[in-house]
S.K.: 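My questions will all concern the structure given below.
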2 protein chains.
Amino acid sequence: MSGHKLDPIDRKILMELQDDGRMTNVELSRRVGISAPPCLRRVRSLEESGYIQGYHARVNARELGYEVMVFAMVSLKSQAGADLAAFEARARGWPLVRECFMLNGEIDFLLKCMAPNLAAFQSFLTDHLTAAPNVASVKTSLVIRAAKDEPGIPFEAMDTVADNA
Amino acid sequence: MSGHKLDPIDRKILMELQDDGRMTNVELSRRVGISAPPCLRRVRSLEESGYIQGYHARVNARELGYEVMVFAMVSLKSQAGADLAAFEARARGWPLVRECFMLNGEIDFLLKCMAPNLAAFQSFLTDHLTAAPNVASVKTSLVIRAAKDEPGIPFEAMDTVADNA
DNA sequence: GTTGAAAGTATGGTCGA
DNA sequence: TCGACCATACTTTCAAC
C-alpha cells in the first residue's frame, strides 16, 4: 500500500478485474494490450500493494435463502472513542451484519443486514442489536428492491467528461 | 435460476468462491473434497443457474482517488410506479451512485455514493440528485469509517447454531 | 516488455459406482 | 446421475534477454 503512481495500464487492469475478477491472465493481458507475463507481474504487484484487496463471487442471496435486506440506523448513548470501538467490535461479530459504517450526523452507524426472513431479522434486532450496550435507538428500513448494485468505484467516470457525475 | 436443490458440496463451493473468487478450480476441488472435473461442472452449473452472478475484484477506493463514501436518503414527491421507475433509471445512470435501494417507510431510496472528494459529491448533490424531477428531499450522511464491509451472505451462520444471529 | 519453455490448470471424453 | 481418471489444450509463471 503506498503512493506508487499507477499508469493507465494498471488502471485498466483494475477496471477489468473489478468487472470480471475471474478473467484469465491471458484474456486480461489481451484486453489491456500487453503480453501475459508483465500483466501477471502487474496484477501481483497490485495485490501486494493493496490496490486489489480481494476477489469475490457474487452469489444470489435470495436463491440461497437470504430473502431480506434491511438497513439499521443506530444511535448510541455515548460516542466516546472506546464506546464506538466497542460497538464496532460487536457489529463485526454479527454474521448477519454485512456492512457497518460510522456516519456523521445524528445516526452513528448504518448497518446493512442480510437475513433469511423478517422473523430472523426481528429476533436479531430485539435480542442482539437493540439489546447491545450503549445503543440508544435503532431505526430499520426494509429493502423493497435493489435498483442498482454495483461493486467498487466508477472507473467509467475516470475516463469520461464527468458531466453526469 | 430455479429451485435446483443445492447439496452441501455446492454450498461449500459458493462459500469458497464468495471468499476467494479467483481460486483455481484445482484448489477449489481440493477444498470441497471432489476431483477437478466434476467441481468445474458444478461451478459452471451454478453460474448458468444464476446462483453465481459474477466475480469481482475489490479495489482500494481510497488509493484510487475515491476518498469519500456518502449515503443519500431520498424522498420523492410521488411514489407512483412510473415515478419510482423513473427515479431508479436516473440513479442507474449516475456512475457515482454505486447502490440504490428502494426502502419502506419515509425514505424512498437509499443511495450509496462514491466520490473523489466532498466537493465532487456536493456538486453531484446540487446539480443532479436534488435537481432531479420528483425529488422532495435528500438527507446525506458522510461515512467516517467502515467498521465492517463483507460481501454477500453469511455462510458461516448456515452451518452454525445461529445464536449470535 | 518480449520470448520461450516448464509446470500447473481447465476441460472434454470415457468409464465405473 | 455423479464422480474418477485420462488426455489434450490452455494458462501461469519463471528465466533470460
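Given the structure is predicted, the values throughout are model-derived calculations rather than measurements. Each chain gets a letter, A, B and so on, in the order its sequence line appears, and its residues count up from 1.
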S.K.: Strictly under 3.5 Å: I want the nitrogen or oxygen pairs between protein and nucleotides 10-14 of chain C, one per line.
M.R.:
unit_1 : atom_1 : unit_2 : atom_2 : d
C:dA10 : OP1    : B:N25  : N      : 2.8
C:dA10 : OP2    : B:N25  : N      : 3.0
C:dA10 : OP2    : B:V26  : N      : 2.9
C:dT11 : OP1    : B:R44  : NH2    : 3.3
C:dT11 : OP2    : B:R44  : NH2    : 2.4

S.K.: Using the test ring pair (Phe, Tyr, Trp, His ring centres under 6.0 Å), find all partners of B:Y55 that sit at least two apart in sequence or belong to another chain.
M.R.: none
S.K.: Taking only residues at least two apart or on different chains, which pairs with a member in residues 101-126 of chain A satisfy side chain to side chain donor-acceptor pair (under 3.5 Å)?
M.R.: A:Q79-A:D108, A:E99-A:K112, A:K112-B:E99
S.K.: Can you list everything that forms a salt bridge (Lys or Arg N to Asp or Glu O under 4.0 Å) with A:R62? Sequence neighbours excluded, please.
M.R.: none
S.K.: B:R44: which residues meet the salt bridge (Lys or Arg N to Asp or Glu O under 4.0 Å) condition with it, sequence neighbours left out?
M.R.: B:E47
S.K.: Specify the angle, to 10°, made by the local axes at the two ends of the helix from C:dG1-D:dC17 to C:dA17-D:dT1 when five pairs are taken at each end.
M.R.: 30°
S.K.: Going by ring pair (Phe, Tyr, Trp, His ring centres under 6.0 Å), name the residues that satisfy it together with B:F87, two or more places apart in sequence or in a different chain.
M.R.: B:F109
S.K.: Does A:R92 have any salt bridge (Lys or Arg N to Asp or Glu O under 4.0 Å) partners at least two apart in sequence or in another chain, and if so, which?
M.R.: none
S.K.: Provide the start and end nucleotides, 5' to 3', of the part of DNA chain D that has atoms under 4.0 Å from heavy atoms of chain B.
M.R.: D:dC2 to D:dC6
S.K.: With sequence neighbours excluded, what pairs up with A:D149 under the salt bridge (Lys or Arg N to Asp or Glu O under 4.0 Å) test?
M.R.: A:R58
S.K.: Counting only side-chain nitrogens and oxygens, does A:S35 get under 4.0 Å of the OP1 or OP2 atom of C:dG1?
M.R.: no
S.K.: Over 60° means perpendicular and under 30° means parallel, so classify the ring planes of A:W94 and A:H128, tilted if in between.
M.R.: perpendicular
S.K.: For B:K77, enumerate each residue passing the side chain to side chain contact (heavy atoms under 4.5 Å, CB included) test, keeping only those at least two apart in sequence or located in another chain.
M.R.: B:N134, B:A136
S.K.: Taking only residues two or more places apart in sequence, or in another chain, which ones meet B:E150 in a side chain to side chain contact (heavy atoms under 4.5 Å, CB included)?
M.R.: A:R98, B:K148
